[in-house]
Q: 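The structure that follows is given in the form of structure tokens.
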Amino acid sequence: MRPQFVLFGDSITELSFRCGGWGASLTDTYSRKADIVVRGYGGYTTRWALFLLHHIFPLIKILSSTCNSVSDDDDDSCLLGA
């Protein structure tokens with residue numbers, strides 16, 4: 001079994017496989033050496049991501065991965081009183 005890179009985050013992660021994106025660069029660099037698994041969810045906040053994390057990635061699978069990237073920051077901003 002090949003090692004895995006698990007990319008979990010917001011829209012930045014979701015769009016990372018576009019031409020020139022950082023997910024595409026990882027795939028190119030680790031071609032035939034590791035599997036790149038992307039789970040990017042545009043619009044998700046940290047609260048939603050934490051709620052879904054264990055449903056999307058069982059704990060055993062996360063611990064057995066070589067590298068885990070968790071990114072969730074832009075969607076956490078909100079208007080005062082919203």
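One is the number of the first residue; the rest follow in order along the sequence. Note: hydrogens, waters and symmetry copies are ignored here, and every other heavy atom, side chains too, is used.
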Q: Measuring from atom CG of Leu52 to atom CZ of Arg47, what distance do you get when rounded to the nearest 0.5 angstrom?
A: 13.0 Å

Q: Could you tell me if the side chain of Val37 sits less than 4.5 Å from the side chain of Leu7, heavy atoms only?
A: no

Q: Membership question, hydrophobic clusters at under 4.5 Å side-chain separation (ILVMFWY): are Phe8 and Leu15 in the same one?
A: no

Q: If you group Ile, Leu, Val, Met, Phe, Trp and Tyr by side-chain heavy-atom gaps below 4.5 Å, do Val6 and Trp48 land in one group?
A: yes

Q: For residues Pro3 and Asp35, determine if any side-chain heavy atom of one lies less than 4.5 Å from a side-chain heavy atom of the other.
A: no

Q: Would you please name every residue forming a ring pair (Phe, Tyr, Trp, His ring centres under 6.0 Å) with Phe17, sequence neighbours left out?
A: none

Q: Apply side chain to side chain contact (heavy atoms under 4.5 Å, CB included) to Trp22 and Ile12, showing your working.
A: CA-CA 9 Å; Trp22 61 277; Ile12 294 171; 3.9 Å; yes

Q: So, taking the atom named OG in Ser31 and the one named CG in Leu26, what distance separates them when rounded to the nearest 0.5 Å?
A: 12.0 Å

Q: Main chain of Ser25, side chain of Thr29: is a donor-acceptor contact present, judged purely on distance under 3.5 Å?
A: yes

Q: Could you state the interatomic distance from CZ (Arg32) to CZ (Arg2), rounded to the nearest 0.5 Å?
A: 9.5 Å

Q: Which heavy-atom pair separates Tyr44 from Ala49 by the least distance, and what is that distance?
A: CD2-N, 4.5 Å

Q: Is any side-chain heavy atom of Thr13 less than 4.5 Å from a side-chain heavy atom of Tyr41?
A: no

